[in-house]
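Reminder, nothing fancy here: chain letters follow the sequence lines and each chain counts from 1.
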There are 2 protein chains.
Amino acid sequence: MSISSPSRTPAEPPDVAWLDPQEQRAWRAYLVGTTLLMERLDRELGETFDLSLSEYEILVRLSEAPENRMRMAVLASSLSHSRSRLTHTVKRMELRGLVVRSSCSDDGRGVEATLTEEGGSLLAAAAPLHVRGVRRLLVDLVGPADFAAVGRAFEQVSDALVAGHPDADIR
Amino acid sequence: MSISSPSRTPAEPPDVAWLDPQEQRAWRAYLVGTTLLMERLDRELGETFDLSLSEYEILVRLSEAPENRMRMAVLASSLSHSRSRLTHTVKRMELRGLVVRSSCSDDGRGVEATLTEEGGSLLAAAAPLHVRGVRRLLVDLVGPADFAAVGRAFEQVSDALVAGHPDADIR
DNA sequence: GGTATTCACTTGAACCTTCAAGCAATAACC
DNA sequence: GGTTATTGCTTGAAGGTTCAAGTGAATACC
(Lines give C-alpha, C1' and ligand atoms only; values in the text may rest on other atoms or scores of the structure.)
Protein backbone atom coordinates (compact mmCIF):
# COMPACT_ATOMS: atom_id res chain seq x y z
CA MET A 1 0.00 0.00 0.00
CA SER A 2 1.71 3.13 -1.11
CA ILE A 3 -0.01 6.37 -0.31
CA SER A 4 2.51 8.43 -2.19
CA SER A 5 2.75 6.36 -5.31
CA PRO A 6 2.22 8.20 -8.55
CA SER A 7 0.06 5.44 -9.92
CA ARG A 8 -3.59 6.28 -9.71
CA THR A 9 -6.71 4.28 -9.72
CA PRO A 10 -9.77 5.79 -11.35
CA ALA A 11 -11.70 5.30 -8.13
CA GLU A 12 -9.71 7.93 -6.28
CA PRO A 13 -11.50 10.91 -4.74
CA PRO A 14 -11.39 13.77 -7.25
CA ASP A 15 -10.52 16.57 -4.86
CA VAL A 16 -7.25 15.20 -3.57
CA ALA A 17 -4.25 16.04 -5.69
CA TRP A 18 -1.37 13.91 -4.49
CA LEU A 19 2.18 15.10 -4.64
CA ASP A 20 4.03 13.95 -7.71
CA PRO A 21 7.45 12.33 -7.18
CA GLN A 22 9.32 15.60 -7.63
CA GLU A 23 7.10 17.44 -5.21
CA GLN A 24 7.27 14.56 -2.80
CA ARG A 25 11.03 14.64 -2.91
CA ALA A 26 11.16 18.39 -2.37
CA TRP A 27 8.71 18.21 0.51
CA ARG A 28 10.69 15.53 2.28
CA ALA A 29 13.96 17.32 1.68
CA TYR A 30 12.43 20.36 3.33
CA LEU A 31 11.16 18.33 6.30
CA VAL A 32 14.41 16.51 6.91
CA GLY A 33 16.62 19.47 6.08
CA THR A 34 14.75 21.73 8.45
CA THR A 35 14.89 19.15 11.22
CA LEU A 36 18.62 18.74 10.85
CA LEU A 37 19.33 22.44 10.43
CA MET A 38 17.37 23.53 13.49
CA GLU A 39 18.87 20.78 15.55
CA ARG A 40 22.36 21.73 14.49
CA LEU A 41 22.00 25.46 15.11
CA ASP A 42 20.36 24.74 18.42
CA ARG A 43 23.17 22.44 19.40
CA GLU A 44 25.89 24.88 18.42
CA LEU A 45 24.39 27.59 20.60
CA GLY A 46 23.64 25.14 23.38
CA GLU A 47 27.09 23.63 23.62
CA THR A 48 28.98 26.88 23.59
CA PHE A 49 26.62 29.31 25.29
CA ASP A 50 24.01 27.16 26.99
CA LEU A 51 21.41 28.94 24.90
CA SER A 52 18.63 27.46 22.81
CA LEU A 53 17.73 28.86 19.43
CA SER A 54 14.50 30.32 20.77
CA GLU A 55 16.26 31.94 23.70
CA TYR A 56 18.72 33.42 21.23
CA GLU A 57 15.87 34.78 19.14
CA ILE A 58 14.37 36.39 22.21
CA LEU A 59 17.65 38.14 22.97
CA VAL A 60 17.84 39.34 19.37
CA ARG A 61 14.33 40.78 19.39
CA LEU A 62 14.93 42.58 22.66
CA SER A 63 18.25 43.95 21.50
CA GLU A 64 16.54 45.49 18.49
CA ALA A 65 13.67 47.03 20.43
CA PRO A 66 13.71 50.64 21.66
CA GLU A 67 15.28 50.68 25.13
CA ASN A 68 15.79 46.92 24.80
CA ARG A 69 12.31 46.26 26.11
CA MET A 70 9.15 44.67 24.74
CA ARG A 71 5.69 43.69 25.85
CA MET A 72 5.41 39.94 26.35
CA ALA A 73 2.53 39.62 23.91
CA VAL A 74 4.34 41.54 21.18
CA LEU A 75 7.46 39.50 21.69
CA ALA A 76 5.48 36.28 21.58
CA SER A 77 3.72 37.10 18.36
CA SER A 78 6.87 38.36 16.68
CA LEU A 79 8.38 34.95 17.33
CA SER A 80 5.17 33.08 16.60
CA HIS A 81 5.35 31.48 20.01
CA SER A 82 2.45 30.96 22.33
CA ARG A 83 2.20 33.34 25.27
CA SER A 84 2.51 30.43 27.59
CA ARG A 85 5.69 29.24 25.99
CA LEU A 86 7.17 32.70 26.21
CA THR A 87 6.25 33.01 29.86
CA HIS A 88 8.09 29.82 30.73
CA THR A 89 11.12 30.61 28.61
CA VAL A 90 11.44 34.17 29.86
CA LYS A 91 11.07 33.00 33.44
CA ARG A 92 14.05 30.69 32.99
CA MET A 93 16.01 33.46 31.30
CA GLU A 94 15.19 35.83 34.13
CA LEU A 95 16.54 33.33 36.65
CA ARG A 96 19.79 33.32 34.69
CA GLY A 97 19.88 37.11 34.69
CA LEU A 98 19.55 37.52 30.93
CA VAL A 99 16.35 39.56 31.12
CA VAL A 100 14.20 41.24 33.74
CA ARG A 101 10.45 41.55 33.85
CA SER A 102 8.47 44.54 35.06
CA SER A 103 4.85 45.46 34.78
CA CYS A 104 3.83 48.13 32.31
CA SER A 105 3.34 51.60 33.69
CA ASP A 106 0.40 52.36 31.43
CA ASP A 107 -1.33 48.97 31.55
CA GLY A 108 -1.24 47.13 34.84
CA ARG A 109 -1.98 43.82 33.13
CA GLY A 110 0.93 44.09 30.77
CA VAL A 111 4.45 42.89 31.44
CA GLU A 112 7.59 44.08 29.75
CA ALA A 113 10.73 42.08 29.33
CA THR A 114 14.00 44.02 29.26
CA LEU A 115 17.40 42.84 28.15
CA THR A 116 19.99 43.04 30.91
CA GLU A 117 23.64 43.96 30.52
CA GLU A 118 24.45 40.30 30.91
CA GLY A 119 21.91 39.24 28.31
CA GLY A 120 23.36 41.77 25.90
CA SER A 121 26.88 40.48 26.43
CA LEU A 122 25.82 36.90 25.93
CA LEU A 123 24.08 37.83 22.70
CA ALA A 124 27.14 39.70 21.46
CA ALA A 125 29.26 36.69 22.26
CA ALA A 126 26.91 34.17 20.66
CA ALA A 127 25.96 36.07 17.52
CA PRO A 128 29.11 35.43 15.48
CA LEU A 129 28.88 31.68 15.95
CA HIS A 130 25.22 31.65 15.08
CA VAL A 131 25.50 33.86 12.03
CA ARG A 132 28.43 31.84 10.79
CA GLY A 133 26.32 28.72 11.15
CA VAL A 134 23.37 30.17 9.29
CA ARG A 135 25.64 31.24 6.45
CA ARG A 136 27.60 28.04 6.23
CA LEU A 137 24.63 25.70 6.54
CA LEU A 138 22.06 27.61 4.51
CA VAL A 139 22.60 31.06 3.05
CA ASP A 140 25.98 30.59 1.41
CA LEU A 141 25.44 26.90 0.85
CA VAL A 142 22.40 27.23 -1.37
CA GLY A 143 23.37 30.44 -3.10
CA PRO A 144 21.56 33.80 -3.45
CA ALA A 145 18.90 32.81 -5.97
CA ASP A 146 17.58 29.78 -4.13
CA PHE A 147 17.88 31.44 -0.76
CA ALA A 148 15.87 34.39 -2.01
CA ALA A 149 13.25 31.92 -3.23
CA VAL A 150 13.14 30.32 0.20
CA GLY A 151 12.56 33.75 1.70
CA ARG A 152 9.76 34.56 -0.74
CA ALA A 153 8.14 31.20 -0.22
CA PHE A 154 8.00 31.38 3.54
CA GLU A 155 6.90 34.96 3.56
CA GLN A 156 3.85 33.76 1.69
CA VAL A 157 3.42 30.86 4.07
CA SER A 158 3.62 33.16 7.08
CA ASP A 159 1.21 35.63 5.59
CA ALA A 160 -1.30 32.92 4.76
CA LEU A 161 -1.13 31.43 8.23
CA VAL A 162 -1.02 34.63 10.23
CA ALA A 163 -4.03 35.87 8.32
CA GLY A 164 -6.03 32.87 9.48
CA HIS A 165 -5.14 33.18 13.12
CA PRO A 166 -5.82 36.64 14.59
CA ASP A 167 -3.49 36.06 17.55
CA ALA A 168 -5.15 34.23 20.42
CA ASP A 169 -3.68 31.73 22.83
CA ILE A 170 -5.54 29.10 20.86
CA ARG A 171 -2.25 28.49 19.17
CA MET B 1 41.93 33.28 -5.36
CA SER B 2 42.24 32.85 -1.64
CA ILE B 3 42.36 29.23 -0.68
CA SER B 4 40.91 29.30 2.78
CA SER B 5 38.37 32.12 2.76
CA PRO B 6 36.66 34.59 0.48
CA SER B 7 37.91 38.16 0.54
CA ARG B 8 36.43 40.55 3.06
CA THR B 9 36.67 44.19 3.96
CA PRO B 10 39.63 44.73 6.28
CA ALA B 11 37.71 46.64 8.96
CA GLU B 12 35.28 43.81 9.69
CA PRO B 13 36.07 41.05 12.14
CA PRO B 14 37.72 38.62 9.74
CA ASP B 15 35.52 35.60 10.24
CA VAL B 16 32.03 37.04 10.74
CA ALA B 17 29.91 38.06 7.78
CA TRP B 18 26.62 39.36 9.08
CA LEU B 19 23.36 38.93 7.25
CA ASP B 20 22.32 41.90 5.20
CA PRO B 21 18.75 43.18 5.63
CA GLN B 22 17.39 41.11 2.76
CA GLU B 23 19.02 37.95 4.01
CA GLN B 24 17.89 38.73 7.52
CA ARG B 25 14.34 39.11 6.32
CA ALA B 26 14.44 35.87 4.37
CA TRP B 27 15.95 33.97 7.28
CA ARG B 28 13.29 35.19 9.69
CA ALA B 29 10.51 34.47 7.24
CA TYR B 30 11.81 30.94 7.00
CA LEU B 31 11.97 30.55 10.78
CA VAL B 32 8.52 31.92 11.43
CA GLY B 33 6.94 30.33 8.37
CA THR B 34 8.29 26.91 9.25
CA THR B 35 7.12 27.23 12.85
CA LEU B 36 3.62 28.16 11.77
CA LEU B 37 3.42 25.61 8.98
CA MET B 38 4.54 22.66 11.10
CA GLU B 39 2.27 23.69 13.89
CA ARG B 40 -0.67 23.94 11.55
CA LEU B 41 -0.13 20.62 9.80
CA ASP B 42 0.43 18.97 13.14
CA ARG B 43 -2.74 20.45 14.50
CA GLU B 44 -4.84 19.43 11.52
CA LEU B 45 -3.75 15.82 11.88
CA GLY B 46 -4.05 15.94 15.64
CA GLU B 47 -7.56 17.33 15.79
CA THR B 48 -9.05 15.01 13.23
CA PHE B 49 -7.05 11.82 13.61
CA ASP B 50 -5.23 12.18 16.94
CA LEU B 51 -2.00 11.80 15.00
CA SER B 52 1.11 13.95 15.17
CA LEU B 53 3.05 14.86 12.06
CA SER B 54 5.90 12.55 13.04
CA GLU B 55 3.54 9.67 13.70
CA TYR B 56 2.04 10.29 10.30
CA GLU B 57 5.48 10.24 8.69
CA ILE B 58 6.21 6.93 10.37
CA LEU B 59 3.03 5.45 8.94
CA VAL B 60 3.98 6.74 5.50
CA ARG B 61 7.47 5.26 5.60
CA LEU B 62 6.15 1.89 6.70
CA SER B 63 3.43 1.91 4.07
CA GLU B 64 6.09 2.38 1.39
CA ALA B 65 8.40 -0.32 2.67
CA PRO B 66 8.37 -3.88 1.32
CA GLU B 67 5.90 -5.91 3.39
CA ASN B 68 5.14 -2.72 5.32
CA ARG B 69 8.01 -3.37 7.69
CA MET B 70 11.27 -1.62 8.55
CA ARG B 71 14.15 -1.92 10.95
CA MET B 72 13.93 0.66 13.69
CA ALA B 73 17.33 2.13 12.91
CA VAL B 74 16.55 2.52 9.23
CA LEU B 75 13.22 4.11 9.99
CA ALA B 76 14.85 6.47 12.46
CA SER B 77 17.51 7.65 10.09
CA SER B 78 15.10 8.02 7.18
CA LEU B 79 13.14 10.44 9.38
CA SER B 80 16.24 12.01 10.91
CA HIS B 81 14.94 11.15 14.33
CA SER B 82 17.01 9.80 17.17
CA ARG B 83 16.66 6.10 17.89
CA SER B 84 15.41 6.92 21.33
CA ARG B 85 12.72 9.19 20.01
CA LEU B 86 11.58 6.55 17.59
CA THR B 87 11.46 3.93 20.32
CA HIS B 88 9.14 6.06 22.43
CA THR B 89 6.94 7.09 19.54
CA VAL B 90 6.60 3.59 18.16
CA LYS B 91 5.82 2.25 21.61
CA ARG B 92 2.92 4.67 21.88
CA MET B 93 1.78 3.76 18.39
CA GLU B 94 1.98 0.08 19.23
CA LEU B 95 -0.27 0.60 22.24
CA ARG B 96 -2.80 2.16 19.90
CA GLY B 97 -2.51 -0.78 17.54
CA LEU B 98 -1.09 1.19 14.62
CA VAL B 99 2.10 -0.84 14.37
CA VAL B 100 3.56 -4.01 15.86
CA ARG B 101 7.15 -4.71 16.77
CA SER B 102 8.98 -8.00 16.37
CA SER B 103 12.61 -8.92 16.60
CA CYS B 104 14.56 -9.61 13.44
CA SER B 105 15.00 -13.20 12.48
CA ASP B 106 18.52 -12.68 11.16
CA ASP B 107 19.79 -10.31 13.84
CA GLY B 108 18.59 -10.92 17.36
CA ARG B 109 19.39 -7.37 18.40
CA GLY B 110 17.33 -5.81 15.66
CA VAL B 111 13.67 -4.89 15.87
CA GLU B 112 11.28 -4.44 13.02
CA ALA B 113 8.19 -2.28 13.07
CA THR B 114 5.30 -3.41 10.92
CA LEU B 115 2.25 -1.46 9.86
CA THR B 116 -0.98 -3.03 11.05
CA GLU B 117 -4.26 -3.12 9.20
CA GLU B 118 -5.51 -0.44 11.54
CA GLY B 119 -2.45 1.72 10.98
CA GLY B 120 -2.91 1.42 7.25
CA SER B 121 -6.55 2.45 7.46
CA LEU B 122 -5.73 5.42 9.61
CA LEU B 123 -3.08 6.54 7.16
CA ALA B 124 -5.46 6.15 4.24
CA ALA B 125 -8.00 8.23 6.10
CA ALA B 126 -5.56 10.92 7.14
CA ALA B 127 -3.56 11.28 3.93
CA PRO B 128 -6.06 13.36 1.93
CA LEU B 129 -6.34 15.97 4.66
CA HIS B 130 -2.60 16.15 5.08
CA VAL B 131 -1.77 16.33 1.39
CA ARG B 132 -4.42 18.98 0.90
CA GLY B 133 -2.81 20.98 3.68
CA VAL B 134 0.67 20.69 2.25
CA ARG B 135 -0.61 21.84 -1.13
CA ARG B 136 -2.73 24.68 0.14
CA LEU B 137 -0.20 26.02 2.63
CA LEU B 138 3.00 25.52 0.70
CA VAL B 139 3.25 23.77 -2.65
CA ASP B 140 0.44 25.49 -4.53
CA LEU B 141 0.73 28.67 -2.51
CA VAL B 142 4.30 29.47 -3.50
CA GLY B 143 4.19 28.11 -7.02
CA PRO B 144 6.31 25.54 -8.84
CA ALA B 145 9.48 27.59 -9.34
CA ASP B 146 9.93 28.70 -5.76
CA PHE B 147 8.85 25.36 -4.37
CA ALA B 148 11.43 23.62 -6.54
CA ALA B 149 14.02 26.04 -5.20
CA VAL B 150 13.00 25.15 -1.65
CA GLY B 151 13.48 21.50 -2.52
CA ARG B 152 16.91 22.09 -4.02
CA ALA B 153 17.99 24.25 -1.11
CA PHE B 154 17.08 21.76 1.58
CA GLU B 155 18.49 18.84 -0.30
CA GLN B 156 21.80 20.63 -0.09
CA VAL B 157 21.24 21.37 3.58
CA SER B 158 20.43 17.75 4.30
CA ASP B 159 23.40 16.49 2.37
CA ALA B 160 25.75 18.88 4.13
CA LEU B 161 24.47 17.92 7.55
CA VAL B 162 24.11 14.19 7.02
CA ALA B 163 27.66 14.09 5.71
CA GLY B 164 28.94 15.52 8.96
CA HIS B 165 27.10 13.14 11.22
CA PRO B 166 27.73 9.45 10.39
CA ASP B 167 24.56 8.31 12.15
CA ALA B 168 25.13 7.69 15.86
CA ASP B 169 22.80 8.29 18.75
CA ILE B 170 24.85 11.40 19.44
CA ARG B 171 22.09 13.24 17.69
C1' DG C 1 -21.15 52.53 41.35
C1' DG C 2 -21.47 47.65 40.82
C1' DT C 3 -21.35 43.63 38.15
C1' DA C 4 -19.83 41.09 34.09
C1' DT C 5 -16.69 40.54 30.42
C1' DT C 6 -12.50 40.78 28.28
C1' DC C 7 -7.56 41.00 28.29
C1' DA C 8 -2.56 39.98 29.61
C1' DC C 9 -0.09 36.98 31.66
C1' DT C 10 0.90 32.94 34.83
C1' DT C 11 0.54 28.41 36.66
C1' DG C 12 0.78 23.36 37.01
C1' DA C 13 -0.11 19.05 34.88
C1' DA C 14 0.31 16.17 30.76
C1' DC C 15 2.98 15.08 26.97
C1' DC C 16 6.94 14.54 23.95
C1' DT C 17 11.95 14.74 23.16
C1' DT C 18 16.49 14.43 24.72
C1' DC C 19 20.05 12.64 27.49
C1' DA C 20 22.64 9.27 29.85
C1' DA C 21 22.69 4.83 31.30
C1' DG C 22 21.46 0.03 30.64
C1' DC C 23 20.69 -4.67 28.50
C1' DA C 24 21.22 -8.31 25.03
C1' DA C 25 23.01 -10.01 21.00
C1' DT C 26 26.74 -9.99 17.83
C1' DA C 27 31.44 -9.29 16.27
C1' DA C 28 36.38 -8.98 17.13
C1' DC C 29 40.33 -10.52 19.16
C1' DC C 30 43.58 -13.69 21.11
C1' DG D 1 36.35 -20.92 23.37
C1' DG D 2 36.39 -16.96 26.29
C1' DT D 3 36.95 -12.33 27.05
C1' DT D 4 36.18 -7.67 25.32
C1' DA D 5 34.16 -4.27 22.33
C1' DT D 6 30.53 -2.89 19.48
C1' DT D 7 25.86 -2.70 17.84
C1' DG D 8 20.72 -2.13 18.25
C1' DC D 9 17.37 -0.94 20.91
C1' DT D 10 15.15 0.30 25.44
C1' DT D 11 14.52 2.69 29.72
C1' DG D 12 13.69 6.38 33.13
C1' DA D 13 14.58 10.90 34.44
C1' DA D 14 15.23 15.78 33.11
C1' DG D 15 13.86 19.54 30.35
C1' DG D 16 10.77 22.23 27.35
C1' DT D 17 6.13 22.96 25.12
C1' DT D 18 1.31 22.70 25.17
C1' DC D 19 -3.09 22.71 27.20
C1' DA D 20 -6.63 24.11 30.39
C1' DA D 21 -7.55 26.61 34.25
C1' DG D 22 -6.56 30.61 37.18
C1' DT D 23 -5.38 35.53 38.76
C1' DG D 24 -5.76 40.33 38.53
C1' DA D 25 -6.27 44.50 35.90
C1' DA D 26 -8.91 47.06 32.56
C1' DT D 27 -13.13 47.81 30.07
C1' DA D 28 -18.22 47.53 29.11
C1' DC D 29 -22.66 47.60 30.49
C1' DC D 30 -26.62 49.06 33.06
Side-chain angles (χ1 to χ4, degrees), chain A residues 35-36 38-40 42-43 45-47 50-58 69-96 99-113 165-171, chain B residues 35-36 38-43 45-47 50-58 69-96 99-114 165-171:
Chain A
T35 303
L36 291 173
M38 292 308 162
E39 194 174 87
R40 175 62 159 273
D42 203 66
R43 185 172 304 276
L45 283 174
E47 284 173 352
D50 191 26
L51 210 54
S52 72
L53 188 51
S54 20
E55 289 168 335
Y56 177 88
E57 289 292 326
I58 290 174
R69 57 172 60 220
M70 273 178 122
R71 283 283 291 256
M72 292 291 281
V74 176
L75 186 50
S77 88
S78 99
L79 294 161
S80 283
H81 289 174
S82 71
R83 283 156 154 71
S84 171
R85 175 178 178 181
L86 187 67
T87 296
H88 287 300
T89 306
V90 166
K91 186 198 287 178
R92 289 189 296 269
M93 294 174 75
E94 189 173 31
L95 288 175
R96 285 178 61 187
V99 301
V100 289
R101 279 182 295 185
S102 50
S103 58
C104 287
S105 43
D106 56 325
D107 183 343
R109 297 166 301 179
V111 172
E112 280 184 338
H165 119 59
D167 219 358
D169 217 2
I170 305 169
R171 218 186 51 249
Chain B
T35 302
L36 291 172
M38 293 307 160
E39 192 175 270
R40 175 60 160 273
L41 293 175
D42 202 66
R43 185 173 303 276
L45 283 173
E47 283 174 352
D50 191 25
L51 210 54
S52 72
L53 188 51
S54 21
E55 288 168 336
Y56 176 88
E57 289 292 325
I58 290 174
R69 57 171 63 220
M70 272 179 127
R71 284 281 292 257
M72 292 290 280
V74 176
L75 186 50
S77 87
S78 99
L79 295 160
S80 284
H81 288 175
S82 72
R83 283 158 155 70
S84 171
R85 175 178 177 180
L86 186 67
T87 296
H88 286 301
T89 307
V90 166
K91 186 198 289 177
R92 289 189 296 268
M93 293 174 76
E94 190 173 31
L95 288 175
R96 284 177 62 186
V99 300
V100 288
R101 279 183 295 185
S102 48
S103 57
C104 286
S105 42
D106 57 326
D107 184 344
R109 297 165 302 181
V111 172
E112 281 185 338
T114 307
H165 119 59
D167 218 359
D169 217 1
I170 305 170
R171 219 187 48 249

Please tell me if the side chains of M70(B) and V99(B) come closer than 4.5 Å, counting only heavy atoms from C-beta onward.
-> no
Do E39(B) and S80(A) come close enough that some side-chain heavy atom pair is under 4.5 Å?
-> no
The answer to which of S52(A) and D107(A) contacts DNA chain D further toward the 5' end, by nearest nucleotide, is S52(A)
What is the distance, rounded to the nearest whole Å, between atom CG of L36(B) and atom C1' of dT18(D)?
-> 16 Å
Distance below 4.0 Å between T87(B) side-chain N/O and dC9(D) OP1 or OP2 = no
Are L86(B) and I58(B) side-chain neighbours, meaning at least one heavy-atom pair lies under 4.5 Å?
-> yes
From CG of D42(B) across to P of dC16(C) the rounded distance in Å is 10 Å
Can you find a side chain N or O atom of R43(A) that sits less than 4.0 Å from OP1 or OP2 on dT18(C)?
-> no
Counting heavy atoms from C-beta on, name the nucleotide in dC9(C), dT18(D), dC19(C) closest to the side chain of S84(A).
-> dT18(D)
Would you indicate which nucleotide in dA26(D), dT11(C), dT11(D) comes nearest to any side-chain atom of H88(A)?
-> dT11(C)
Whole-Å distance separating the CG atom of L86(B) from the C1' atom of dT11(D) = 15 Å
Tell whether R109(B) reaches the base of dT7(D) with its side chain through a donor-acceptor pair below 3.5 angstrom.
-> yes
Could you state the interatomic distance from CZ (R71(A)) to CG (D107(A)), rounded to the nearest 0.5 Å?
-> 5.0 Å
Round to the nearest Å and state the distance from M72(B) atom CE to dT10(D) atom C1'.
-> 9 Å
Hey, are the side chains of R85(B) and L79(B) touching, using non-hydrogen atoms and a 4.5 Å cut-off?
-> no
Counting any heavy atom closer than 4.0 Å, what does S54(B) reach on the DNA or RNA strands: base, sugar-phosphate only, or nothing?
-> sugar-phosphate
What is the distance from CG of D106(B) to P of dC9(D), rounded to the nearest Å?
-> 11 Å
Assign T89(A) to base, sugar-phosphate, or nothing according to its heavy-atom contacts below 4.0 angstrom with the strands shown.
-> sugar-phosphate
Report yes if a side-chain nitrogen or oxygen of R85(A) is closer than 4.0 Å to either non-bridging phosphate oxygen (OP1 or OP2) of dC19(D); otherwise report no.
-> no
Give the rounded distance in Å between these two atoms: CD1 of I58(A) and C1' of dG16(D).
-> 12 Å
Should R92(B) be listed as having a side-chain N or O under 4.0 Å from OP1 or OP2 of dC16(C)?
-> yes
Rounding to a whole Å, what distance do you find between L95(A):CG and dT10(C):P?
-> 13 Å
Take the protein atom CZ of R83(B) and the nucleotide atom P of dA24(C), then report the distance between them rounded to whole Å.
-> 19 Å
Within the pair K91(A) and dG16(D), is there a side-chain N or O less than 4.0 Å away from OP1 or OP2?
-> no
How is R71(B) classified with respect to the nucleic acid when contacts are heavy atoms under 4.0 Å: base, sugar-phosphate, or nothing?
-> sugar-phosphate
